4 protein chains.
Amino acid sequence: MEEAHLAPSVRVPRQGRSKASYERMLVAAEELLVTKGGEAFTLSEVSRLGQVSIGSIYCRFESKDALVQSVQLRVLDRVDTRMLTQVVAAREAAGSLLAIVPLLVEAVAETLREHAPLLRPLMQRATHDPIVAQTGKASYASTAAAVRSALLAHRAEIRQDDPERAVDSCFRVLYAAIARYLGFGSAKEAAWEGRWDVLKQDLGRMLAAFLMMPSA
Amino acid sequence: MEEAHLAPSVRVPRQGRSKASYERMLVAAEELLVTKGGEAFTLSEVSRLGQVSIGSIYCRFESKDALVQSVQLRVLDRVDTRMLTQVVAAREAAGSLLAIVPLLVEAVAETLREHAPLLRPLMQRATHDPIVAQTGKASYASTAAAVRSALLAHRAEIRQDDPERAVDSCFRVLYAAIARYLGFGSAKEAAWEGRWDVLKQDLGRMLAAFLMMPSA
Amino acid sequence: MEEAHLAPSVRVPRQGRSKASYERMLVAAEELLVTKGGEAFTLSEVSRLGQVSIGSIYCRFESKDALVQSVQLRVLDRVDTRMLTQVVAAREAAGSLLAIVPLLVEAVAETLREHAPLLRPLMQRATHDPIVAQTGKASYASTAAAVRSALLAHRAEIRQDDPERAVDSCFRVLYAAIARYLGFGSAKEAAWEGRWDVLKQDLGRMLAAFLMMPSA
Amino acid sequence: MEEAHLAPSVRVPRQGRSKASYERMLVAAEELLVTKGGEAFTLSEVSRLGQVSIGSIYCRFESKDALVQSVQLRVLDRVDTRMLTQVVAAREAAGSLLAIVPLLVEAVAETLREHAPLLRPLMQRATHDPIVAQTGKASYASTAAAVRSALLAHRAEIRQDDPERAVDSCFRVLYAAIARYLGFGSAKEAAWEGRWDVLKQDLGRMLAAFLMMPSA
DNA sequence: TATGAATGAGTATTCATTCAT
DNA sequence: GATGAATGAATACTCATTCAT
């Protein structure tokens, strides 16, 4: 991740005491993001829940937005790490394109689902906050790269004329379908409710069929 | 659409003068929804832009939310009509499953794209406003029904074990991919930018490959 | 009652149709005064409940206050009539001071109690509206005169030095105690709850004891 | 007074600066309650008169109502203290029922009169605000207890069958007559104007006559 | 005369941000 | 550094009154 570009204006303390209260701010903000939703949480709530004064928050963060951006950085760090691990595992477990597709679907779907409670409100904020939007895109791009490369490891089996493009389309469709199911940006109105398994299965079949189908 | 259930508390005037200012409110609200985004438009702005007093707005609409809900009803009415027309046209133009799939992708994609500037902020509001969410879902369901039925008209060509389910998955994936591209709920950060044609084409191929692939 | 001085600016129609809608305004206002309380009723509610347009109300009454004042005039007319009847009845039924005192207490107490639901909100409005206050005082004065005269009919039995003053004090105390019990002006927080009979009885004893006690 | 139950949500500051502005809010609110009346004072006025920002008010008080409730608590504290002192003084100064009655009338009457300018608007608000009503009742009850007990100290001289009841009725009548005179809840339309002394004197005689009169 | 749509000043309340201590 | 009291602009909403039709 391009932390240099995207890092919000923060002073990260090194000492124990400071570090601890800094931690509490971020944890409190994270929790409130989940419970109150992306827009409806206030700095007083962060102050109360995190046992930190409002002044302290402004000591570390330039603004409320900067605080949220820092939370996002932490969250996406966990998500990206997990995602990478899962994708790599899928890559190692599978010997063929047919085998790896459902594993990748599973990896992406489950990783996003695990972190949905935080990704949802962050996506919401991306609407207003271009920095959150950009950071989100960076994380998306890193996942995209991992998944594309895992698929391209079986390039020989791909029968589409332009394997790069095909693999790219696969990831976009996969991510979009999962994200919509999980209500990212929209709400927690899961379009599918109990059919999570069906979605994953059919998504796998769809991508496999596509990749293995001759272009013509 | 279940207007009876979802219609916000509105008094729709019939007379010329009244009708005109009523119209101006809705048009102003629509415009502000597009320019300011779903959350950041105020009633004073509607009042100013629409040349209507705030009291007048409250004369027609119970609340700010009710105004937005009315805008949504108008917009979705246009969207649903257009969508249905396009899907029916696709249905009539195509003689086979292979032919209809890209036409349906085109129909859905272009209809959503035409109305994206308004659908985007409305999706955004769906996050907070359950009525907007429900109305949105109803519109989604009506499109889903039309597309599924158009596909099932070629049921004989579908080689998946469970054609209903397959067709359902197709629509979900199709809608999710297009909506994400158009930034519904997320922002106007189109993930793909110039690759609109690629998305539509590959989506078509994917769905066709899936439907015509034997389940086993 | 000094209608000349206190009558609000009203045009009372004589014709059938007009008269009927005029009536409906007053009835609706009366009902809302009772159900919503003295301050919390709007002219739109009167318009709705009375099946009269707001314009019609302003056609008859100069202002919302004038409407309430007219309601008050009607209500106090009923109250005064009833009160006078009851006081006269007491006067005719009793042959002695000792006999008439409890009858007068009963007359005043029950008449006020019957009309409490309307008198309460009107008293409340008297706080802000000097005309309502003055009209209320006039009604109070007319009751006072009747009660005082009924007591002074037994002047010979009054042992206080100044019978006029004594009788005056009696009425004031009587009225105050009953009005407070009924929550006039204060709320419907009856101070005594179930002890209505006790209040009336002890009030009677108190007044009798006072009137028949030698001044010294 | 049951401060625990009735205390509005307030943060009372201890430091000098804070304490000062906190004080200014309450003083300003008190003053406006007196000059504008219970209903017609706004927070902007409090802000202006008290030289405090609106935000500051909301920093201390949950709502406008909570501010008024706090003012009430302060006022009733003064009233209750003064009342108790006066009643105790009367009790100690008098050796007989006949002697204490006018002293108690005097104590109650003068204490309420001193604080009438504030008690009047507070009574007014009790109409809408149940907490103000309840707090008012609590203060009333504490005065009632003190007066009843002072009278019952001369129980032997009371010739009514049920001294507790008699003493109770006495207080109710006393309080009602004084409160009505002072225009509590009604307006500042003192019914008696210059006859304050007459009211007090006759009230005293009335109560004494009642208490010392044999029940039969 | 009757109508009821239109007006708009006015109210309570919120909350990110600042700054004196 | 840390605190949290203070700020005040901004927002949704109300309702008596007016006036064009």
Side-chain angles (χ1 to χ4, degrees), chain A residues 11 13 15 17-18 21 39-48 51-67, chain B residues 11 13-22 25 40-47 51-67, chain C residues 11 13 15 17-18 21 39-48 52-67, chain D residues 11 13-22 25 39-47 51-67:
Chain A
R11 246 173 298 173
Q15 301 169 357
R17 169 93 65 111
S18 281
S21 83
E39 311 301 340
F41 84 96
T42 69
L43 286 187
S44 328
E45 286 171 326
V46 175
S47 155
R48 210 174 309 132
Q51 304 276 48
V52 209
S53 73
I54 290 188
S56 276
I57 299 174
Y58 274 90
C59 203
R60 302 293 182 199
F61 303 98
E62 210 174 33
S63 65
K64 187 186 176 187
D65 281 348
L67 169 60
Chain B
R11 238 179 300 172
R14 299 279 163 224
Q15 302 168 359
R17 167 90 64 116
S18 277
K19 184 73 182 170
S21 83
Y22 176 75
M25 290 172 204
F41 86 105
T42 70
L43 287 187
S44 337
E45 284 172 327
V46 175
S47 156
Q51 302 276 50
V52 210
S53 73
I54 288 190
S56 268
I57 300 175
Y58 276 93
C59 202
R60 305 291 183 197
F61 304 98
E62 212 173 33
S63 65
K64 187 186 174 185
D65 281 348
L67 169 60
Chain C
R11 246 174 297 171
Q15 301 170 357
R17 170 93 66 111
S18 282
S21 84
E39 312 300 339
F41 84 96
T42 69
L43 286 187
S44 328
E45 286 171 325
V46 175
S47 155
R48 212 174 307 131
V52 208
S53 72
I54 290 188
S56 276
I57 300 175
Y58 274 90
C59 204
R60 303 293 180 198
F61 303 98
E62 209 173 34
S63 66
K64 188 187 177 185
D65 281 348
L67 169 60
Chain D
R11 238 178 303 172
R14 299 279 163 223
Q15 300 168 0
R17 169 89 67 117
S18 278
K19 183 74 181 169
S21 83
Y22 176 76
M25 289 173 204
E39 311 301 340
F41 85 105
T42 69
L43 287 187
S44 337
E45 284 173 326
V46 175
S47 158
Q51 302 277 49
V52 209
S53 73
I54 288 190
S56 270
I57 300 175
Y58 277 91
C59 203
R60 305 292 181 196
F61 304 98
E62 213 173 33
S63 64
K64 187 187 175 186
D65 280 348
L67 169 60

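Quantities reported herein were computed from a predicted structural model and do not represent experimental measurements. The figures that follow rest on heavy atoms only: side chains count, while hydrogens, waters and symmetry mates do not.
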What N/O pairs connect the protein and nucleotides 11-15 of chain F at under 3.5 Å? Give each pair on its own line.
unit_1  : atom_1 : unit_2 : atom_2 : d
dA12(F) : OP1    : K64(B) : NZ     : 2.6
dA12(F) : OP2    : L43(B) : N      : 3.3
dC13(F) : OP2    : Y58(B) : OH     : 2.6
dC13(F) : OP2    : K64(B) : N      : 2.9
dC13(F) : O5'    : Y58(B) : OH     : 3.1

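Here the side chains of Y22(D) and V52(D) are not in contact, with every heavy-atom distance at 4.5 Å or above. Inter-residue side-chain proximity for S47(A) and I54(A) is flagged as met; some heavy-atom pair is nearer than 4.5 Å. Looking at heavy atoms from C-beta onward, S18(A) lies in side-chain contact with R60(A) at the 4.5 angstrom threshold.
A close approach under 4.0 Å does occur between a side-chain nitrogen or oxygen of S18(A) and OP1 or OP2 of dA2(F). Within the structure, a side-chain polar atom (N or O) of R60(C) is placed less than 4.0 Å from OP1 or OP2 of dA2(E). At dA2(E), none of the side-chain N or O atoms of S21(C) fall inside 4.0 Å of OP1 or OP2 (strictly under the cut-off).
Taking every heavy atom of both residues into account, E45(C) and A40(C) meet most closely at OE1-O, 4.1 Å. Closest of all the heavy-atom pairs between L67(B) and I57(B) is CD2-CG2, 4.3 Å.
We find that CD of E39(A) is positioned 11 Å from P of dA16(E), with the value rounded to whole Å. If you measure from atom CG of L67(D) to atom C1' of dT13(E), you get 14 Å, rounded to the nearest angstrom. Protein atom CD of E45(A) is 12 Å distant from nucleotide atom C1' of dT14(E), rounded to whole Å. Whole-Å rounding puts the I57(D) CD1 to dA5(F) P distance at 16 Å.
Between V52(A) and Q51(D), the residue anchored closer to the 5' end of DNA chain F is V52(A), taking for each the nucleotide with the nearest heavy atom.
For the side-chain hydrogen bond (donor to acceptor under 3.5 Å, both in side chains) test, residues two or more places apart in sequence or in another chain that qualify with S56(C) are S53(C).
For the pair K64(D) and F41(D), the cation-pi criterion (under 6.0 Å, within 45° of the ring axis) is fulfilled.
With a cut-off of 3.5 Å on both pairing distances, the Watson-Crick and G-U wobble pairs of DNA chain F assemble into stems of 3 or more at E:2-21 with F:2-21.
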